[in-house]
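Since the structure comes first, as structure tokens, the remarks are kept for the end.
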Amino acid sequence: MEKISVIVPCYNEQEVLNLYYKEMNSIMEQMKEVEFELIFVDDGSTDETLSTLRELFEKDNRCHYYSFSRNFGKEAALYAGMKEAQGDYVVVMDADLQDPPSYIPKMYEEVKDGRYDCAATRRMDRKGEKKIRSFFSAAFYKVINKMSKTQIVEGARDFRMMNRKMVDALLEMGEYNRFSKGMFGWIGFRTKWMEYHNIERAAGETKWSFMKLVKYSVDGILGFSTLPLSLASYSGFLFCGFSFCMICYLVIKNMIWHDPVAGWPSMMCVIFFIGGVQLLCMGILGQYLARTYVEVKDRPIFILKETSDSKKRRAWKEESSPALL
Ligand code: UDP
Ligand code: MG
């Protein structure tokens, strides 16, 4: 019997978890031909998420949970889940029911005979979203696809089912700065795209502010393109050429017409402009250096604080079942 592991990152999702389990349970009842395991990753929630997960574990032995010592981010939660997943197929989905469990049987149909390695959802329209957000999002995909060799599919969601080969490939990418959208594209494989229309969250609220999204976009660009670095050197070349021409022009002008160089304001403009470009280039270098620094430190991507996994509990000398905590 084949097994499907479902990874659910949860950060302050107490309102939706039981609802999610109910929906998921009816899908598991429907798909009797496969075995399921639900891997909930509590990403350092500050509400009752963890105790809800303990209750689910008690109720249903297909539910497992891993709880982080603090908030490490969704990407870290996905990595932790994939590391623990035992299934032949792995589904990644949000807890808030924006990723409807009803897609899972359809996804399984696409991947089970090996025609595709992955069945993923993709947003075809941006209804129900602020215009300005859609604009920035479209601009982001345009920029990143111009700058990076890795194809990043516009509107692709993380919600997908992958086979073991693909999950193992993702696990091989042990980088600290994780940008899933890029990683899914980078590893390749055949993906079946399924149309998805946006659904509002069942309860709770989104953890993404506009600034967080901007930071996420910058992470994506820096993680999957080194073009900004070359831009610094190109602009260096350009300015060298330009200043050489300027020097020749000024020298010749002075020798022939004995015309003293005038113009303090224009000089200041040039100094500020060049200074700005230099700082920008240094900033770009700094961004890459900072990321290299973090990668070189090779710190763990996440740290566990509590889990339902009995092997880990034994290693921690936590003999009792979490249900008794
Ligand atoms: N999430 C997480 N860690 C975080 C932020 C979010 O594990 O630091 C989880 C969250 O619980 C949810 C999923 O990632 O299951 C997507 O988050 P959210 O619904 O806030 O994002 P949106 O759907 O608005 O893009
Ligand atoms: Mg959501």
Side-chain angles (χ1 to χ4, degrees), residues 5-24 38-53 56 63-85 90-101 103-104 120-123 125-130 132-134 136-137 140-141 152-160 176-184 196-217 219-220 301-307:
S5 307
V6 182
I7 301 172
V8 192
C10 313
Y11 179 50
N12 294 344
E13 300 287 8
Q14 64 178 20
E15 287 112 327
V16 287
L17 274 175
N18 284 317
L19 216 65
Y20 170 82
Y21 174 75
K22 225 175 95 201
E23 290 247 336
M24 196 59 217
L38 302 186
I39 300 180
F40 294 95
V41 185
D42 165 36
D43 185 12
S45 303
T46 48
D47 63 358
E48 293 305 312
T49 297
L50 181 56
S51 50
T52 316
L53 292 180
L56 283 178
C63 295
H64 308 271
Y65 69 82
Y66 295 84
S67 174
F68 289 175
S69 57
R70 65 169 169 84
N71 180 245
F72 280 86
K74 181 183 170 186
E75 304 284 341
L78 293 183
Y79 179 74
M82 284 194 288
K83 251 180 105 170
E84 301 302 336
V90 171
V91 176
V92 169
M93 66 196 299
D94 293 357
D96 55 11
L97 292 175
Q98 274 185 310
D99 299 336
Y103 274 72
I104 293 177
T121 50
R122 183 178 172 189
R123 238 175 124 168
D125 61 57
R126 294 208 157 252
K127 261 187 240 142
E129 193 181 66
K130 282 201 193 106
I132 179 118
R133 208 157 182 162
S134 308
F136 277 113
S137 143
F140 164 70
Y141 284 109
I152 291 163
V153 179
E154 179 163 3
R157 290 182 61 84
D158 289 347
F159 181 28
R160 59 189 63 214
Y176 191 86
N177 294 298
R178 304 183 75 77
F179 180 70
S180 304
K181 283 188 199 316
M183 293 167 69
F184 290 137
Y196 169 91
H197 296 283
N198 199 34
I199 304 167
E200 291 289 309
R201 229 177 198 284
E205 51 191 62
T206 174
K207 278 92 204 170
W208 292 93
S209 63
F210 186 72
M211 273 329 281
K212 253 184 150 173
L213 282 173
V214 170
K215 203 182 150 287
Y216 185 67
S217 317
D219 277 347
I301 296 169
F302 62 88
I303 292 172
L304 287 182
K305 174 188 72 180
E306 193 189 316
T307 170

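Every value quoted in this text rests on a predicted model; they were computed, and no experiment measured them. Both backbone and side-chain heavy atoms feed into the values below; hydrogens, waters and symmetry mates do not. As the structure lists them, so they are numbered: ligands from 1, and atoms in each ligand from 1.
Nearest-residue assignment for atom 4 (C) of ligand 1 (options Asp43, Val41, Val8; heavy-atom criterion): Asp43.
Shortest contact from atom 16 (C) of ligand 1 to any protein heavy atom: Asp94 OD2, 3.2 Å. Nearest non-hydrogen protein atom to atom 14 (O) of ligand 1 is Lys74 CD, 3.3 Å. Here the heavy atom of the protein found nearest to atom 1 (N) of ligand 1 is Tyr11 CB, 3.7 Å. The protein atom (non-hydrogen) at minimum distance from atom 24 (O) of ligand 1 is Thr206 OG1, 2.6 Å. Here the heavy atom of the protein found nearest to atom 21 (O) of ligand 1 is Trp208 CD1, 3.0 Å. The closest protein non-hydrogen atom to atom 20 (O) of ligand 1 is Lys207 N, 2.7 Å. Closest protein heavy atom to atom 18 (P) of ligand 1: Arg201 NH2, 3.4 Å.
Between Ala77 and ligand 1, not a single N/O pair is under 3.5 Å apart.
Ring orientation note: the planes of Phe179 and Phe140 are nearly perpendicular, at an angle over 60° on the 30°/60° scale.
When each atom of ligand 1 is checked for a heavy atom of Glu13 under 4.0 Å away, the hits are 10 (C), 11 (O), 12 (C), 15 (O). Within ligand 1, the atoms closer than 4.0 Å to a non-hydrogen atom of Gln98 are 19 (O), 22 (P), 23 (O), numbered from 1 in the order shown. Ligand 1 places these atoms under 4.0 Å from at least one heavy atom of Asp96: 19 (O), 23 (O). Those atoms of ligand 1 with a heavy atom of Gly73 less than 4.0 angstrom away are 3 (N), 8 (O).
In this structure the side chain of Ile104 reaches within 4.5 angstrom of the side chain of Met24, judged on heavy atoms. Looking only at side-chain heavy atoms (C-beta outward), Leu17 and Leu53 come within less than 4.5 Å of each other.
Just one residue in the list Met183, Arg178, Glu84, Lys74 forms a side chain to side chain contact (heavy atoms under 4.5 Å, CB included) with Tyr79, and that residue is Arg178. The only member of Tyr65, Tyr66, Phe72 that meets ring pair (Phe, Tyr, Trp, His ring centres under 6.0 Å) when paired with Phe68 is Phe72.
Checked against the 6.0 Å centroid threshold, Phe210 and Phe136 count as a close aromatic pair.
Shortest distance from the Mg ion (ligand 2) to Asp96 is reached at OD2 (N/O/S atoms only).
With a 4.0 Å cut-off on non-hydrogen atoms, Asn12 does not touch ligand 1 at all. At a heavy-atom distance under 4.0 Å, atoms from both the backbone and the side chain of Pro9 approach ligand 1.
Using modelled atom types, one finds no donor on one side chain facing an acceptor on the other under 3.5 Å when comparing Glu13 with Thr49.
From Arg160, atom CZ reaches atom OG of Ser180 across 8.0 Å, with rounding to the nearest 0.5 Å.
Counted within 6.0 Å of CD on Glu48, heavy atoms from surrounding residues, nucleotides or ligands total 12 or fewer; the atom is thus considered open.
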